[in-house]
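Comments concern the structure below.
Letters A, B, ... are given to chains in the order of the sequence lines, protein chains preceding strands, and every chain is numbered from 1. Hydrogens, waters and symmetry mates play no part in the numbers below; they use all other heavy atoms, side chains included.
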There are 2 protein chains.
Amino acid sequence: MTLKIDHIYDEQCRRFQDSFELVGKRWSPAILMAINLGSHRFSEILARVEGLSDRLLSQRLKELERNRLIDREVIPTTPVQIRYTLTERGADLMQALQPLVGWGLRWEPELQPMRAVS
Amino acid sequence: MTLKIDHIYDEQCRRFQDSFELVGKRWSPAILMAINLGSHRFSEILARVEGLSDRLLSQRLKELERNRLIDREVIPTTPVQIRYTLTERGADLMQALQPLVGWGLRWEPELQPMRAVS
DNA sequence: CAGAGTCACTTACCTATTGTAAGTGACTTA
DNA sequence: TAAGTCACTTACAATAGGTAAGTGACTCTG
């Protein structure tokens, strides 16, 4: 019995970890949020996400596309435009992450940077 | 007008990024989940989170404590026990992340590892 | 019509974070 | 006496991230 419960818990823990790692790499959630908020082009996303470099944006977009969270559409204008949009799966993820925005606002005063501390 | 809307969106994007980075470092969410599911001691957490090393657990616990997501209580038995529990803030975070568990289950078939791919 | 600029990226290089393995000190059990 | 547990540290190699410069196909400015 305890074994079974443990197994379920372990399973939940593992799946949660998987989900989080899929989308939790640095910059990925911010990029998805930027697209969700209407930035669909490379340079628009780059401008909206503070601190993000073009190298990492390029890398993250590839990963997100590979994981079917975003779609990449080439529009043959000159210069060529690339339009990134959320897949159904990606949009559903953004819905699932909305409560985190609320949490951030509720506990805002306690926010202190995690990185860049000795 | 457009400027104001953009500003709000940028703000939301930034705050979201901050929240996510606070808790989104590798292993942090899984550790919090493990504590939430009843693993309160160092070795229990280590056993439940698959792939986590003791070095990183130690480091993450310090960071999480510093950010007031968990409390650390020393119980002077022999050998000494250390009991980690979620703070109110940490517990609220786990609530906010529940929808992500649902998302993981809904889209489970599409899960493929993000790391360890060329 | 030469030079500068835009767009969506790459490549090169260096630093920071992570993974792996081994060690620590105060104890208990065989 | 030897081996084991607990909650960690330390040392070092591997991987990820940051910074800067380059690319090719265009357009726009003077």
Rounded distance in Å - [atom1] ([X]) to [atom2] ([N]):
X: Gln81(A); N: dC26(D); atom1: CD; atom2: C1'; result: 13 Å
X: Phe42(B); N: dA26(C); atom1: CZ; atom2: P; result: 19 Å
X: Leu56(A); N: dC14(C); atom1: CG; atom2: C1'; result: 14 Å
X: Asp54(A); N: dG17(D); atom1: CG; atom2: P; result: 15 Å
X: Leu52(B); N: dA21(C); atom1: CG; atom2: C1'; result: 15 Å
X: Glu44(B); N: dT5(D); atom1: CD; atom2: P; result: 15 Å
X: Arg83(B); N: dA7(D); atom1: CZ; atom2: P; result: 12 Å
X: Lys25(A); N: dT17(C); atom1: NZ; atom2: C1'; result: 13 Å

Where the side chain of [X] is defined as all heavy atoms beyond and including C-beta, which of [options] is the nearest nucleotide?
X: Arg60(A); options: dA8(C), dG17(D), dT18(C); value: dG17(D)
X: Pro79(A); options: dC9(C), dT6(C), dT9(D); value: dT6(C)
X: Ile82(B); options: dG19(C), dA8(C), dA7(D); value: dA7(D)
X: Arg26(A); options: dC6(D), dT19(D), dG18(D); value: dG18(D)
X: Tyr84(B); options: dG19(C), dG17(D), dC8(D); value: dC8(D)

Return no unless some side-chain N or O of [X] is found under 4.0 Å from OP1 or OP2 of [N].
X: Arg72(A); N: dA8(C); value: no
X: Trp27(A); N: dG18(D); value: yes
X: Thr78(B); N: dA26(C); value: no
X: Lys62(A); N: dT10(C); value: yes

With heavy atoms under 4.0 Å as the rule, sort Ser43(B) into base, sugar-phosphate or nothing.
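Since only primed, P, OP1 and OP2 atoms lie under 4.0 Å of Ser43(B), the category is sugar-phosphate.
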Can you say whether a donor on the side chain of Arg55(A) sits under 3.5 Å from an acceptor on the base of dT19(D), or the other way round?
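Check passes, donor-acceptor contact within cut-off.
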Glu88(A) atom CD: more than 12 heavy-atom contacts under 6.0 Å
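Open.
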Do Thr87(B) side-chain atoms and Asp71(B) backbone N/O form a donor-acceptor pair below 3.5 Å?
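Judged by distance alone, no pair lies under 3.5 Å.
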Work out which heavy atom in Trp103(A) is nearest to a heavy atom in Ala96(B); give both atom names and the distance.
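Closest heavy-atom pair between Trp103(A) and Ala96(B): CB-CB, 4.1 Å.
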Determine, for Glu63(A) against Arg60(A), whether the closest basic-nitrogen to carboxylate-oxygen distance falls under 4.0 angstrom.
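Yes, charged N to carboxylate O under 4.0 Å.
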Given DNA chain D, 5'-ward residue of the pair Ser58(B) and Gln59(A), judged by closest heavy atom
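Nearer the 5' end of the strand: Ser58(B).
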After noting the C-alpha distance and the side-chain angles of Ile75(B) and Ile82(B), does the key distance pass the side-chain contact (heavy atoms from CB on, under 4.5 Å) rule?
CA-CA 6 Å; Ile75(B) 302 172; Ile82(B) 313 286; over 6 Å; no
